[in-house]
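Scroll down for the structure; my scribbles are underneath it.
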Amino acid sequence: MSVRIQNWGRSLSFDVGQVLYPSSEEEILTILNNATYNHKNVRTIGSGHSWTGLITTNDVLVSLDHWQGVTSIDQDEKWVEVKSGTKLLKLGNDLWSLGLSMENLGDIDVQSIAGALNTGTHGTGSNFGTLATQIHSITIALPTGELVEVNETENNDLFKAAQISLGALGIITRYKLKVVKAFRLE
(Lines give C-alpha, C1' and ligand atoms only; values in the text may rest on other atoms or scores of the structure.)
Protein backbone atom coordinates (compact mmCIF):
# COMPACT_ATOMS: atom_id res chain seq x y z
CA MET A 1 0.00 0.00 0.00
CA SER A 2 1.45 3.35 -1.00
CA VAL A 3 1.62 6.45 1.17
CA ARG A 4 0.84 9.97 -0.10
CA ILE A 5 3.58 12.50 0.77
CA GLN A 6 3.18 16.28 0.45
CA ASN A 7 5.61 19.08 1.25
CA TRP A 8 4.66 21.89 3.62
CA GLY A 9 4.06 24.35 0.76
CA ARG A 10 1.69 21.86 -0.94
CA SER A 11 3.60 22.38 -4.19
CA LEU A 12 4.86 18.80 -4.33
CA SER A 13 3.11 15.51 -3.66
CA PHE A 14 3.79 11.92 -4.62
CA ASP A 15 3.00 8.34 -3.67
CA VAL A 16 5.75 6.25 -2.12
CA GLY A 17 5.75 2.49 -1.59
CA GLN A 18 7.19 2.53 1.92
CA VAL A 19 8.10 5.11 4.59
CA LEU A 20 10.61 3.91 7.18
CA TYR A 21 11.58 5.50 10.50
CA PRO A 22 14.93 4.08 11.66
CA SER A 23 16.09 4.79 15.20
CA SER A 24 19.71 3.61 14.88
CA GLU A 25 22.58 3.62 12.42
CA GLU A 26 22.27 -0.16 12.20
CA GLU A 27 18.68 0.21 11.01
CA ILE A 28 19.75 2.83 8.46
CA LEU A 29 22.44 0.49 7.10
CA THR A 30 19.94 -2.38 6.97
CA ILE A 31 17.53 -0.22 4.96
CA LEU A 32 20.28 0.61 2.46
CA ASN A 33 21.45 -3.01 2.21
CA ASN A 34 17.89 -4.27 1.67
CA ALA A 35 17.20 -1.62 -0.94
CA THR A 36 20.38 -2.47 -2.83
CA TYR A 37 19.56 -6.19 -2.71
CA ASN A 38 15.99 -5.54 -3.94
CA HIS A 39 17.01 -2.90 -6.53
CA LYS A 40 14.97 -0.19 -4.80
CA ASN A 41 15.64 3.54 -4.69
CA VAL A 42 15.99 5.21 -1.29
CA ARG A 43 15.40 8.89 -0.62
CA THR A 44 15.34 10.77 2.67
CA ILE A 45 12.81 13.32 3.81
CA GLY A 46 13.28 15.89 6.52
CA SER A 47 10.41 18.12 7.55
CA GLY A 48 8.97 18.51 4.07
CA HIS A 49 10.35 22.00 3.42
CA SER A 50 11.90 20.95 0.10
CA TRP A 51 10.51 22.71 -2.95
CA THR A 52 12.00 20.31 -5.48
CA GLY A 53 11.23 16.81 -6.66
CA LEU A 54 14.54 15.56 -5.30
CA ILE A 55 12.90 13.51 -2.52
CA THR A 56 10.37 11.79 -4.76
CA THR A 57 10.56 8.04 -5.14
CA ASN A 58 8.13 5.22 -5.72
CA ASP A 59 10.21 2.89 -3.55
CA VAL A 60 11.57 3.70 -0.06
CA LEU A 61 11.42 7.02 1.75
CA VAL A 62 13.40 7.34 4.99
CA SER A 63 12.38 9.77 7.71
CA LEU A 64 14.93 10.41 10.44
CA ASP A 65 12.31 11.75 12.88
CA HIS A 66 13.13 8.88 15.28
CA TRP A 67 16.88 9.59 15.07
CA GLN A 68 17.38 12.75 17.14
CA GLY A 69 19.60 14.15 19.88
CA VAL A 70 23.08 15.28 20.85
CA THR A 71 25.41 12.28 21.19
CA SER A 72 28.60 13.94 22.46
CA ILE A 73 30.12 17.32 23.21
CA ASP A 74 33.57 18.80 23.52
CA GLN A 75 33.27 21.99 25.58
CA ASP A 76 36.98 22.82 25.16
CA GLU A 77 37.10 22.44 21.37
CA LYS A 78 33.54 23.81 21.01
CA TRP A 79 31.85 21.11 18.97
CA VAL A 80 28.88 18.79 19.42
CA GLU A 81 27.98 15.58 17.66
CA VAL A 82 24.31 15.42 16.76
CA LYS A 83 22.07 12.86 15.07
CA SER A 84 21.04 14.05 11.63
CA GLY A 85 17.28 13.89 12.22
CA THR A 86 17.42 16.30 15.15
CA LYS A 87 14.99 19.17 14.71
CA LEU A 88 16.50 22.64 15.02
CA LEU A 89 14.20 23.57 17.93
CA LYS A 90 15.36 20.51 19.89
CA LEU A 91 19.00 21.14 18.99
CA GLY A 92 18.75 24.76 20.11
CA ASN A 93 17.19 23.75 23.42
CA ASP A 94 19.73 20.95 23.99
CA LEU A 95 22.65 23.27 23.21
CA TRP A 96 21.23 26.03 25.43
CA SER A 97 21.09 23.63 28.38
CA LEU A 98 24.80 22.93 27.76
CA GLY A 99 25.66 26.63 27.63
CA LEU A 100 26.21 26.48 23.85
CA SER A 101 24.59 27.81 20.67
CA MET A 102 24.91 27.49 16.94
CA GLU A 103 26.84 30.45 15.57
CA ASN A 104 24.07 31.36 13.13
CA LEU A 105 20.71 29.89 12.11
CA GLY A 106 17.81 30.62 9.81
CA ASP A 107 14.44 31.73 11.14
CA ILE A 108 12.60 28.39 10.88
CA ASP A 109 13.20 25.85 13.64
CA VAL A 110 11.01 22.91 12.53
CA GLN A 111 13.57 21.61 10.04
CA SER A 112 15.95 18.76 10.81
CA ILE A 113 19.62 19.67 11.08
CA ALA A 114 20.33 17.47 8.04
CA GLY A 115 17.65 19.22 6.02
CA ALA A 116 18.93 22.66 6.98
CA LEU A 117 22.57 21.79 6.32
CA ASN A 118 22.08 19.77 3.14
CA THR A 119 20.01 22.37 1.34
CA GLY A 120 22.34 25.32 1.80
CA THR A 121 20.23 27.05 4.43
CA HIS A 122 21.76 30.28 5.65
CA GLY A 123 21.24 32.55 8.59
CA THR A 124 21.67 36.30 8.54
CA GLY A 125 24.69 38.56 8.47
CA SER A 126 27.33 39.17 5.84
CA ASN A 127 30.07 37.74 8.08
CA PHE A 128 28.53 34.24 8.21
CA GLY A 129 28.59 31.43 5.69
CA THR A 130 25.80 28.98 5.12
CA LEU A 131 25.02 26.64 8.00
CA ALA A 132 27.19 24.04 6.26
CA THR A 133 30.30 26.08 7.13
CA GLN A 134 29.70 25.08 10.77
CA ILE A 135 30.25 21.38 10.00
CA HIS A 136 33.36 19.81 11.57
CA SER A 137 32.68 16.28 10.25
CA ILE A 138 29.92 14.18 8.68
CA THR A 139 29.12 10.49 9.09
CA ILE A 140 27.41 9.07 6.02
CA ALA A 141 25.75 5.73 5.40
CA LEU A 142 26.67 5.14 1.78
CA PRO A 143 24.44 3.22 -0.63
CA THR A 144 27.01 0.40 -0.43
CA GLY A 145 26.05 -0.11 3.22
CA GLU A 146 29.35 1.35 4.44
CA LEU A 147 29.43 3.93 7.25
CA VAL A 148 32.14 6.54 6.71
CA GLU A 149 33.16 9.70 8.59
CA VAL A 150 34.54 12.55 6.49
CA ASN A 151 36.01 15.94 7.38
CA GLU A 152 38.33 18.57 5.94
CA THR A 153 41.41 16.33 6.26
CA GLU A 154 39.97 12.82 5.77
CA ASN A 155 38.10 12.23 2.49
CA ASN A 156 38.00 15.98 1.83
CA ASP A 157 36.38 15.62 -1.61
CA LEU A 158 33.49 13.59 -0.16
CA PHE A 159 33.28 16.01 2.79
CA LYS A 160 32.93 19.01 0.47
CA ALA A 161 30.36 17.21 -1.66
CA ALA A 162 28.38 16.08 1.41
CA GLN A 163 28.19 19.54 3.00
CA ILE A 164 25.35 20.49 0.68
CA SER A 165 24.61 17.17 -1.02
CA LEU A 166 20.81 17.42 -1.06
CA GLY A 167 20.78 13.82 0.17
CA ALA A 168 22.22 12.49 -3.07
CA LEU A 169 25.30 10.72 -1.64
CA GLY A 170 23.69 8.50 0.95
CA ILE A 171 22.02 8.98 4.32
CA ILE A 172 23.87 11.33 6.62
CA THR A 173 23.61 9.90 10.12
CA ARG A 174 25.63 12.30 12.29
CA TYR A 175 27.31 15.67 12.22
CA LYS A 176 30.00 17.17 14.40
CA LEU A 177 29.18 20.86 14.47
CA LYS A 178 31.20 23.86 15.55
CA VAL A 179 29.36 25.74 18.30
CA VAL A 180 29.89 28.87 20.35
CA LYS A 181 29.16 29.94 23.90
CA ALA A 182 25.40 30.47 24.38
CA PHE A 183 24.21 33.99 23.61
CA ARG A 184 21.01 35.98 23.32
CA LEU A 185 20.11 38.28 20.45
CA GLU A 186 18.60 41.69 21.01
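Not measured: the values here are computed from a predicted model.
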Please round to the nearest 0.5 Å and tell me the distance separating atom [atom1] of [X] and atom [atom2] of [Y].
{"X": "Thr71", "Y": "Glu81", "atom1": "OG1", "atom2": "CD", "value": "3.5 Å"}
{"X": "Asn38", "Y": "Lys40", "atom1": "CG", "atom2": "NZ", "value": "7.0 Å"}
{"X": "Ile140", "Y": "Thr173", "atom1": "CD1", "atom2": "OG1", "value": "8.5 Å"}
{"X": "Lys90", "Y": "Gln68", "atom1": "NZ", "atom2": "CD", "value": "6.5 Å"}
{"X": "Gln163", "Y": "Leu158", "atom1": "CD", "atom2": "CG", "value": "10.5 Å"}

Identify whether [X] and [Y] are in the same connected component of the hydrophobic contact network (ILVMFWY, side-chain heavy atoms under 4.5 Å).
{"X": "Trp67", "Y": "Val82", "result": "no"}
{"X": "Leu29", "Y": "Leu20", "result": "no"}
{"X": "Val3", "Y": "Ile55", "result": "yes"}
{"X": "Leu32", "Y": "Ile172", "result": "no"}
{"X": "Val179", "Y": "Ile138", "result": "yes"}

Would you name the heavy atoms of [X] and [Y] that are closest together and state the gap between them?
{"X": "Ile28", "Y": "Ala141", "value": "CG2-CB, 3.8 Å"}
{"X": "Glu27", "Y": "Tyr21", "value": "OE1-O, 4.2 Å"}
{"X": "Tyr175", "Y": "Ser84", "value": "CE1-CB, 4.1 Å"}
{"X": "Pro143", "Y": "Leu169", "value": "CD-O, 3.3 Å"}
{"X": "Gly69", "Y": "Thr86", "value": "N-OG1, 2.7 Å"}
{"X": "Gly145", "Y": "Asn33", "value": "CA-OD1, 3.4 Å"}

> Yes or no on side-chain contact (heavy atoms from CB on, under 4.5 Å) for Leu117 and Ile164, after CA distance, side-chain angles and deciding distance?
Replying inline: CA-CA 6 Å; Leu117 292 170; Ile164 304 179; over 6 Å; no
Less than 4.5 Å apart, any side-chain heavy atom of [X] and any of [Y]?
{"X": "Leu98", "Y": "Ile73", "answer": "yes"}
{"X": "Lys83", "Y": "Leu64", "answer": "no"}
{"X": "Ser137", "Y": "Trp79", "answer": "no"}
{"X": "Thr139", "Y": "Leu147", "answer": "yes"}
{"X": "Ile31", "Y": "Pro22", "answer": "yes"}
{"X": "Leu100", "Y": "Lys78", "answer": "yes"}
{"X": "Lys87", "Y": "Ile113", "answer": "no"}
{"X": "Met102", "Y": "Leu95", "answer": "yes"}

> Given the rule in the side-chain contact (heavy atoms from CB on, under 4.5 Å) test, do Phe14 and Asn58 qualify, once you have shown the distances and angles that lead to the verdict?
Replying inline: CA-CA 8 Å; Phe14 63 97; Asn58 295 324; 5.9 Å; no
> If you measure only the distance, is there a donor-acceptor pair under 3.5 Å linking the side chains of Asn34 and Thr30?
Replying inline: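 Note: Asn34 and Thr30 side chains miss the donor-acceptor criterion.
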> Between Ser13 and Arg4, is any side-chain donor less than 3.5 angstrom from a side-chain acceptor?
Replying inline: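 Indeed, the side chains of Ser13 and Arg4 share at least one donor-acceptor pair under 3.5 Å.
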> Would Glu149 and Lys176 satisfy salt bridge (Lys or Arg N to Asp or Glu O under 4.0 Å), going step by step from the backbone distance to the final call?
Replying inline: CA-CA 10 Å; Glu149 183 176 349; Lys176 284 186 184 171; 3.8 Å; yes
> Where do Asn41 and Val60 land on the side-chain contact (heavy atoms from CB on, under 4.5 Å) test, with the steps shown first?
Replying inline: CA-CA 6 Å; Asn41 291 314; Val60 180; over 6 Å; no
>> A quick test of your reading: do over 12 heavy atoms of other residues, nucleotides or ligands sit less than 6.0 Å from CZ of Phe183?
In response: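 Yes, CZ of Phe183 has more than 12 neighbouring heavy atoms, counting only those of other groups under 6.0 Å.
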> Just by modelled atom types, is the Glu103 backbone N or O under 3.5 Å from a matching donor or acceptor in the Ser101 side chain?
Replying inline: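 No, the answer is negative, given that no donor and acceptor are paired below the 3.5 Å cut-off.
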>> As a quick check of understanding, evaluate salt bridge (Lys or Arg N to Asp or Glu O under 4.0 Å) for Arg174 and Glu25, giving each step before the final call.
In response: CA-CA 9 Å; Arg174 288 178 280 135; Glu25 283 177 323; 2.6 Å; yes
>> So, applying side chain to side chain contact (heavy atoms under 4.5 Å, CB included) with Ile5, which one of Val19, Thr57, Thr56 is it?
In response: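 Among Val19, Thr57, Thr56, the one that satisfies the side chain to side chain contact (heavy atoms under 4.5 Å, CB included) with Ile5 is Val19.
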>> Phe159 vs His136, test: side-chain contact (heavy atoms from CB on, under 4.5 Å). Steps then yes/no.
In response: CA-CA 10 Å; Phe159 174 71; His136 180 272; over 6 Å; no
